[in-house]
Every structure is written in C-alpha cells, then in structure tokens.
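Counting starts at 1 for both ligands and their atoms, in listed order. Scope of the values below: all heavy atoms of this structure, side chains included, with no hydrogens, waters or symmetry mates.
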Amino acid sequence: MSSRSRNWLHAMGAVLLAAVAIGCARVRPVAVGRAPRTLRTAFEGAFLVGAALNVAQFSGRDTAGAALVRAQFNAITPENVLKWQSVHPRPGVYDFATADQYVAFGERDGMFIVGHTLVWHQQTPRWVFQDSSGNPVSRDTLLARLRDHIETVVGRYRGRIRGWDVVNEALNDDGTLRPTPWLTIIGVDYLAQAFRFAHAADPAAELYYNDYALENAPKRNGALDLVRRLRAAGIPITGVGLQGHNRMDWPTAAQQDSTIVAFAGLGVRVMITELDIDVLPRPNQSATVLNPYPNGLPDSVQHALAQRYAELFTVYERHAADIGRVTFWGVADGDSWLNHWPVRGRTNYPLLFDRQHRPKPAFEAVMGVAAQAPAR
Ligand code: 9MR
C-alpha cells in the first residue's frame, strides 16, 4: 500500500471516529469537521429541499441560477410551465415543449421532480368551462375534459414526475369550498375525481392537496375535514402541501407547529411547498412607504429575517419525520413573485439568496438549524 493511500485511510478513520463521537452526542454526522455548505446536504435524512424554477433557469438562459439550483437543491417545482394554460392552451392542443425541458433539467441530477398543478381556478383558460357559444358546459363534459387533461399530462411524465399538486387552493378562508367553476359545474366530488384520474395515470406518483394560509384555524379545519373525507372514501391522497407564503409575524411558530401535527395526525405526509417570507408592508396597512428598501435590506431587517427563517426551520426540523420536502418559491430574491405582488415593481427579499445569488444571513441561519439538529 502506498503511503498516500495509507494516509488517506488514516484520515478516513479519523473522520469516522469523529462521526461516531458526534453521533453519540446526537448531532447529525454530516456536520463533522467541515459544516456542509449546501441545503440539500445539510438536511439529508430530514427532508428534501426544493425550489420553484422559472423558464430561464431550466432552459439554460440563466446559467448562474441553474448552477445555484444544482448545487443547493434536490427537488424542483415548475413555477408556471405545468399549469393548464401553459400546457393545454386550446381544446385538443397540448404544448409540452417547456415542460419537457423542466423535467429533463431535474432528471440530469436525479432530483425529485414535482408537478404543479392539475386543478386550479387560476391560470386555467376560460374555454375549459365553456361550450362553443360561451355557455357553461355540463358536469359530464367538464369531467371528461378534466380526465383528458390529467391522463395526458400525468401520463406523459409517468414515473418521472414523482409528486403532483393535484388540486390547488380549493378552500376559502373560512374553510368552505371556493365557488370555482370546478365546484359549481362538477360539484363537490371534483376533488375526488381529480385524485382518481391522477392515480390511474401514474399509480406510483405522490398526490397532494396544496393550499396557503392553512395555519389559520378556520381554513385549517376545512382542509383537515377535506383530507379526512377523501381518505375515508379511499381516495389516493398522499400528502398536504402547506404553501408557506409567510410574513415576518405570521404564522407564529406555535401555529406552524400545530398545523403540521394536525395534518400528520391524519396519516398524510406534510410538504412545505412554496416557502418565502415577505418583508414588505401590505398596501392595506397604514404604511406610507410601500417600497422601503429599493437599495438593499438594512442590517436590522436582514438579521430579523434570518431569525425568522431559523424559527421556521426549527419547527420543520422538529417534525422532520412527517415532512417530506421543504420547497422555496423561487431561488434568489430577484426571481420572486413577491417583487410583483400585491404591488408591482417593488424590491423584496423573501428567499435565502440575494440578487447576485450570494447566500444571505438567512441562509447561514437555516444551515445553523441543520447543524444543531439531532442525528437521524
Ligand atoms: O409564482 C407564480 C407567478 O409567476 C404567477 O404569475 C402566478 C399566477 O397566479 O402564480 C404564481 O405562483 C402561485 C402558485 O402557482 C400557487 N400558489 C401561489 C403562488 C404565488 O402566487
């Protein structure tokens, strides 16, 4: 044996011993010596860490963004390209050109590829609900369209897209079903039907109900009820997506915690699917300045954002056994939808990477949570 390989073996032995020692101290072994510098490694064994991608990132236009995605994440969600209007813009016309690029991007690195979303009231063309004279179609016609759409889209990526947001945002804030054309034309069973069609098209795919603000009690109760009823009827729902469009003061850690516990208690996996933290004032607040940080985030806010991320990830870590994935809604601050909603053209700072793709203090805070976590 050369002295070089002996030295190598010696070094590996030391690392293993350190890992055992640290493992005994109940600190995750991946934190040995050099702390891991990527989110996907830091949370290995806990949950997948994902990001929603835009076309520039997976088509090769934004090479820096793509490199950051490959380095940091092991799951991806398409921000827009698998929505009905993108993939099925006209009757009988499917366009998979960009969606195919998205899936190929994830396959290159063996990422967990998510599909978003099959049934929603937004980004669905009006023709879906209308006949050729513009009148509402019958229940049977709409069910047939829904079945065709789901069979075609899920079927195309069978075995490749591993989890689908089957129904998105079906609930009102008070927990009742939103009066969308899906509900008014098909009736309350439209959700069950969508899950059945998706399961038939890819029996191995995970199937989720995805919504925002489920941390608020009335909406959460509505969602719990919905999941309970679907499960009781044998509908193949495997998980619930808590979108996680958070604010600095909402939801509280306690609300986040009890929401995860409540869904996990029904026997479904919990996913955080669209994570971001809005640091800007809402226009309906008494804010006089709507875009207070156009040239950068003051240190105090940067610090508060990092603390807030640490607070949320501490909750996710605590429930890692029930959480399959934590996905950010975007990669770097410049990509976020929150620069354009609810006010266009603002400068927001909701993610872990800044506009130059550099890790922010919030990134360090999240990595710090992973380093403190017990070994699994
Ligand atoms: O980030 C998406 C944005 O680019 C689209 O214009 C918008 C259209 O409604 O949808 C955004 O993504 C939404 C997601 O699909 C569902 N949950 C809320 C997200 C933010 O609006």
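Counted by atom type alone, E169 and W120 present one or more donor-acceptor pairs between their side chains at under 3.5 Å.
For F353, the ring pair (Phe, Tyr, Trp, His ring centres under 6.0 Å) partners are F363, not counting sequence neighbours. D173 meets the side chain to side chain donor-acceptor pair (under 3.5 Å) test with no other residue; sequence neighbours excluded. With sequence neighbours excluded, the residues forming a side chain to side chain donor-acceptor pair (under 3.5 Å) with K83 are N80, Q123, listed by chain and number.
Among protein residues, E79, N80, K83, H116, W120, Q122, Q123, N168, E169, Q243, H245, E274, W329, W337 come within 4.0 Å of ligand 1, judged on heavy atoms.
Y349 carries R355 over the face of its six-membered ring, with the cationic atom under 6.0 Å from the centre and within 45° of the normal.
In terms of modelled atom types and a separation under 3.5 Å, the side chain of D131 and the main chain of V137 share no donor-acceptor contact.
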